[in-house]
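Written out below as C-alpha cells is the structure these notes cover.
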Amino acid sequence: MNGRRAPRIEGSAVRLAHAISSQGIPGLVKASFIGHRIRLWVPEADFTVRIGVTGPDGALPLRVEAVFREHGQERCAGGTWWDAWEVIAEPAGPSGSWTADQVGRLLADQIAGARRKFGRLLDAAQRQAA
C-alpha cells in the first residue's frame with residue numbers, strides 16, 4: 001500500500017485481505033477488512049464492498065459502492081458522484097467454490113474499470129463546465 005498505514009482486518013473479510021492487497025491497486029491510500037465489508041480508499045474515490053453469502057452454487061455476490069470526488073480548485077462540474085453495482089465471483093476450480101485470489105483479481109478489475117469510467121465522466125463534466 002505504498003508505505004501507508006497497515007490495513008485494519010477483522011471478521012470474515014480477513015479471508016480476502018491479502019488477495020486484495022496483493023493486487024497492487026494504484027494509489028491505494030487505506031484499506032479495512034471488517035466483518036462482511038471491505039473499504040478501499042484511493043485519492044479520488046472511496047469503495048465499499050459488501051460481501052454476500054456464498055450461494056448453494058458456490059457463487060459469491062459482492063455489492064460494490066463507489067463515491068468519486070472531483071478535485072481541483074474549480075468545482076463547477078458538481079463535486080461528488082455515487083455508483084453501486086453487484087458482481088458475482090463464480091465458482092472456480094475443482095472445489096466448486098470461489099477462491100480469495102479470484103475475488104481479489106475480480107475486485108481489482110472492477111475498481112480499475114470504475115476509476116477509468118469516472119475519470120472519463122469527470123473530464124467530460126469539466127469540459128462542459130468550462
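This structure is a prediction, so every number in the text was calculated from the model and none was measured.
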Closest approach of [X] to [Y] (non-hydrogen atoms, all atoms of both residues):
| X | Y | value |
| --- | --- | --- |
| Asp57 | Ala59 | OD1-N, 3.0 Å |
| Gly58 | Pro91 | C-CG, 3.6 Å |
| Ala100 | Leu16 | CA-CD2, 3.8 Å |
| Gln23 | Gly104 | CG-O, 3.4 Å |
| Gly27 | Pro43 | O-CD, 3.1 Å |
| Phe33 | Ser21 | CZ-OG, 3.9 Å |

How long is the gap from CH2 on Trp81 to CG on Leu121, to the nearest 0.5 Å?
->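 Atom-to-atom, Trp81:CH2 and Leu121:CG are 8.5 Å apart.
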Between atom CD of Glu65 and atom CD of Glu86, what is the distance when rounded to the nearest 0.5 Å?
->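 Nearest 0.5 Å value for the CD-CD distance: 11.0 Å.
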Among all residues two or more places apart in sequence or in another chain, which pass the side chain to side chain donor-acceptor pair (under 3.5 Å) test with Gln102?
->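 Here no residue qualifies.
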Which residues satisfy the side chain to side chain donor-acceptor pair (under 3.5 Å) test with Thr54, sequence neighbours excluded?
->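 Here the qualifying residues are Trp98.
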I would like to know whether Ile38 and Thr48 meet side-chain contact (heavy atoms from CB on, under 4.5 Å); could you show each step before the answer?
-> CA-CA 6 Å; Ile38 298 166; Thr48 300; over 6 Å; no
Going by heavy atoms in the side chains, are [X] and [Y] under 4.5 Å from each other?
| X | Y | answer |
| --- | --- | --- |
| Asp83 | Phe118 | yes |
| Leu60 | Ile88 | no |
| Gln110 | Val49 | no |
| Asp46 | Arg69 | yes |

Would you kindly say whether Arg39 and Ser32 are connected by a side-chain donor-acceptor distance under 3.5 Å?
->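 Arg39 vs Ser32: no donor-acceptor pair found between side chains.
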Please list, chain by chain and in numerical order, all residues satisfying side-chain contact (heavy atoms from CB on, under 4.5 Å) with Gln128, sequence neighbours excluded.
->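 If we apply the side-chain contact (heavy atoms from CB on, under 4.5 Å) test to Gln128, skipping adjacent residues, there are no hits.
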Are Ile25 and Ile20 close enough, and set up right, to give a side-chain contact (heavy atoms from CB on, under 4.5 Å), and what steps lead you there?
-> CA-CA 8 Å; Ile25 296 170; Ile20 292 169; 4.2 Å; yes
Main-chain N/O of Pro26 paired to Arg115 side chain as donor or acceptor, under 3.5 Å =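 Yes.
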So, the side chain of Arg15 versus the backbone of Thr99: is there a donor-acceptor pair under 3.5 Å, distance only?
->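 Checking the backbone N and O of Thr99 against the side chain of Arg15, no donor-acceptor pair under 3.5 Å is found.
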Give the ring-plane orientation class for Trp85 versus Phe47, where under 30° counts as parallel, over 60° as perpendicular and anything between as tilted.
->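 Trp85 vs Phe47 ring planes: perpendicular.
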Decide whether Leu62 and Val67 are clustered together by the hydrophobic rule: side chain heavy atoms of Ile, Leu, Val, Met, Phe, Trp, Tyr closer than 4.5 Å, transitively.
->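 No, Leu62 does not connect to Val67 through the hydrophobic network.
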Evaluation steps, side-chain contact (heavy atoms from CB on, under 4.5 Å), between Val64 and Leu107 = CA-CA 9 Å; Val64 182; Leu107 288 175; 4.2 Å; yes
